[in-house]
Amino acid sequence: MNYPLLLVTSENHIATIIINRPDKLNALNMDVIAQLGACMQQLESDADIRAIILTGSGEKAFVAGADISEFAHFNVEQGRTLAAKGQKTLFDVVENLRTPVIAAVNGFALGGGLELAMSCHIRVASDNARMGLPEVSLGVIPGYGGTQRLPLLIGRGRANELITTAQMLKAQPACDAGLVNYVVPQEGLLNKCKEIALKIAANSPTAVGYALQAVNAGFDSSQNGFNEEVELFGKAFGTADFKEGTTAFLEKRKPNFKGE
Ligand code: COA
């Protein structure tokens, strides 16, 4: 499949996706959203890929938001469809991917850009990163899950303040609030993400996928996370990775996981 707006590479079981619209600070237009959603699904079905790093091209922005020029003239129904389609084709896809996605936040992550980072499983920021949901300054609200995912990550009070003031958080306060896991100098950002990705890649890809599924179930009001954990825990016992992992431990050797 061809993704003209993305740069996709892979090495050592780790895929890296770079959103490549630097002249527009990697703003998410409909083409980027469609390509990114399809690319994520393709990488998930690739048995060789065990972790994905997502970042933006250039040194200024991860993603500076949804493409404002694309929706400035939209009516009520078009606005509704934009949010619904984006959530379904990209943001929910990323969050529910079996393969962990690490957002390398290398600059501005605003609006849809922060929403994209928040749909990823892990976030690492460079020290020049700025994060916020400025939608109310444009007369709209976050539409790609921002009102739901931000309170889960930083708490309702802090999320209410960030959303209603439309202010940006610098990298270190964002880290202190739990929005990102680490802050590193920009030149070390991808290496830090790779370090995390390599640790993930050493584990059972099947079990990693089940674990993410169980975590997500706890945040889905239609599911019981504890029951889902029990089911997936049991299901793991039927996998080749479980046999390999336990056998390797007993034989005092490193496991050689293959995934499903
Ligand atoms: N949608 C569409 N285009 C965008 C964009 C967005 N969300 N964010 C940036 N761009 C474009 C600018 O229009 C400009 O294009 P141009 O050179 O053709 O005029 C280009 O990217 C560079 O942006 P610019 O504003 O000149 O850079 P800056 O360094 O002065 O400011 C920001 C950087 C991020 C502060 C500023 O671009 C901004 O506020 N962007 C919008 C953020 C936002 O509200 N996002 C939420 C959308 S719902």
Side-chain angles (χ1 to χ4, degrees), residues 3-7 17-37 54-95 103-120 123-151 153-154 158-174 177 179-180 183 186 189:
Y3 307 111
L5 293 167
L6 309 176
L7 299 172
I17 305 175
I18 302 174
I19 302 170
N20 194 24
R21 279 189 92 201
D23 51 327
K24 296 289 174 191
L25 303 186
N26 306 315
L28 298 177
N29 63 13
M30 289 176 213
D31 287 342
V32 173
I33 288 179
Q35 287 175 32
L36 202 46
L54 174 63
T55 194
S57 63
E59 294 187 347
K60 198 168 166 186
F62 174 72
V63 168
D67 193 320
I68 298 168
S69 65
E70 219 175 40
F71 63 72
H73 59 283
F74 274 13
N75 63 27
V76 170
E77 198 41 49
Q78 287 171 309
R80 201 179 181 286
T81 304
L82 181 74
K85 198 170 165 202
Q87 288 194 17
K88 188 162 177 248
T89 56
L90 178 58
F91 297 80
D92 293 352
V93 167
V94 173
E95 184 171 72
V105 181
N106 58 316
F108 290 113
L110 302 175
L114 181 57
E115 290 173 301
L116 181 60
M118 290 193 295
S119 68
C120 295
R123 283 151 296 283
V124 182
S126 57
D127 47 14
N128 65 323
R130 298 285 180 276
M131 287 156 267
L133 294 176
E135 284 87 345
V136 297
S137 71
L138 296 167
V140 68
I141 72 167
Y144 291 143
T147 63
Q148 305 305 299
R149 293 191 180 102
L150 188 62
L153 286 166
I154 68 172
R158 280 196 277 217
N160 283 341
E161 182 179 339
L162 204 63
I163 292 169
T164 57
T165 61
Q167 293 299 295
M168 295 184 207
L169 274 184
K170 290 184 177 176
Q172 192 54 54
L179 187 50
V180 301
V183 180
Q186 183 155 48
L189 179 63

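For ligands, and for the atoms within them, numbers begin at 1 and follow the listed sequence. Values in this document were obtained by computation on a predicted structure and should not be read as measured data. Computed from heavy atoms alone, side chains included, the values below leave out hydrogens, waters and symmetry copies.
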Quick one: nearest non-hydrogen protein atom to atom 18 (O) of ligand 1, plus distance?
Lys24 NZ, 2.5 Å
Taking atom 7 (N) of ligand 1 as the reference point, report whether a protein heavy atom occurs under 4.0 Å from it.
yes
OG1 of Thr55 to CD1 of Ile19: how many Å apart, nearest 0.5 Å?
8.0 Å
For Asp67, the ligand 1 atoms whose distance to one of its heavy atoms is below 4.0 Å:
1 (N), 2 (C)
Sidechain-backbone polar pair: Gln87 side chain, Asp92 backbone, donor-acceptor under 3.5 Å
no
Taking atom 41 (C) of ligand 1 as the reference point, the nearest protein heavy atom with its distance
Ala64 O, 3.8 Å
Under 4.0 Å from atom 13 (O) of ligand 1, is there any protein heavy atom?
no
For atom 29 (O) of ligand 1, is some protein heavy-atom partner under 4.0 Å away?
yes
among protein heavy atoms, the one nearest atom 1 (N) of ligand 1 is Ile68 N, 3.0 Å
Check if Asp23 has a non-hydrogen atom at a distance under 4.0 Å from any atom of ligand 1.
yes
Atom CG of Asn128 and atom CD of Glu59: how far apart are they, to the nearest 0.5 Å?
8.0 Å
Quick one: are Val94 and Leu54 in side-chain contact, heavy atoms under 4.5 Å?
no
Of Asn26, Asp67, Asp31, which meets side chain to side chain donor-acceptor pair (under 3.5 Å) against Arg21?
Asp67
Using a 4.0 Å cut-off to any heavy atom of Leu138, which atoms of ligand 1 qualify?
44 (O), 47 (C), 48 (S)
For Glu70, look at atom CD and say whether over 12 heavy atoms of other residues, nucleotides or ligands are found less than 6.0 Å away.
yes
Would you kindly specify which portion of Val140 sits under 4.0 Å from ligand 1, judged on non-hydrogen atoms: side chain, backbone, both or neither?
neither
dist Ile141:CD1 -> Thr164:OG1 (nearest 0.5 Å) comes out at 12.5 Å
Just jot down the ligand 1 atoms closer than 4.0 angstrom to any heavy atom of Phe108, in number order.
33 (C), 34 (C)
In this structure, are over 12 heavy atoms from other groups packed under 6.0 Å from Gln148 atom CD?
no
Of the choices Ala27, Gly112, Ala66, which has the non-hydrogen atom that lies closest to atom 47 (C) of ligand 1?
Ala66
Heavy atoms only, cut-off 4.0 Å: how does Pro134 contact ligand 1, side chain, backbone, both, or neither?
side chain
Is atom 45 (N) of ligand 1 less than 4.0 angstrom from some protein heavy atom?
yes
When distances are taken from atom 27 (O) of ligand 1, the protein heavy atom at minimum range is Lys60 NZ, 3.6 Å
Distance check, rounded to the nearest 0.5 Å: Asn29 atom CG versus Lys24 atom NZ?
10.5 Å
Testing the basics here: between Ala103 and Phe62, what is the closest heavy-atom pair and its distance to 0.1 Å?
CB-CZ, 4.2 Å
When distances are taken from atom 37 (O) of ligand 1, the protein heavy atom at minimum range is Leu25 CD1, 3.7 Å
If you scan the protein for heavy atoms around atom 21 (O) of ligand 1, do you find one that is closer than 4.0 Å?
yes
Is there a heavy atom of Arg130 sitting under 4.0 angstrom from any atom of ligand 1?
no
If you take all heavy atoms of Gly111 and Pro134, which pair is closest and at what distance?
N-CD, 3.3 Å
The test is side-chain contact (heavy atoms from CB on, under 4.5 Å); show your working for Ile33 and Tyr144 and say whether it passes.
CA-CA 11 Å; Ile33 288 179; Tyr144 291 143; 3.5 Å; yes
closest protein heavy atom to atom 38 (C) of ligand 1 is Leu110 CD1, 4.8 Å
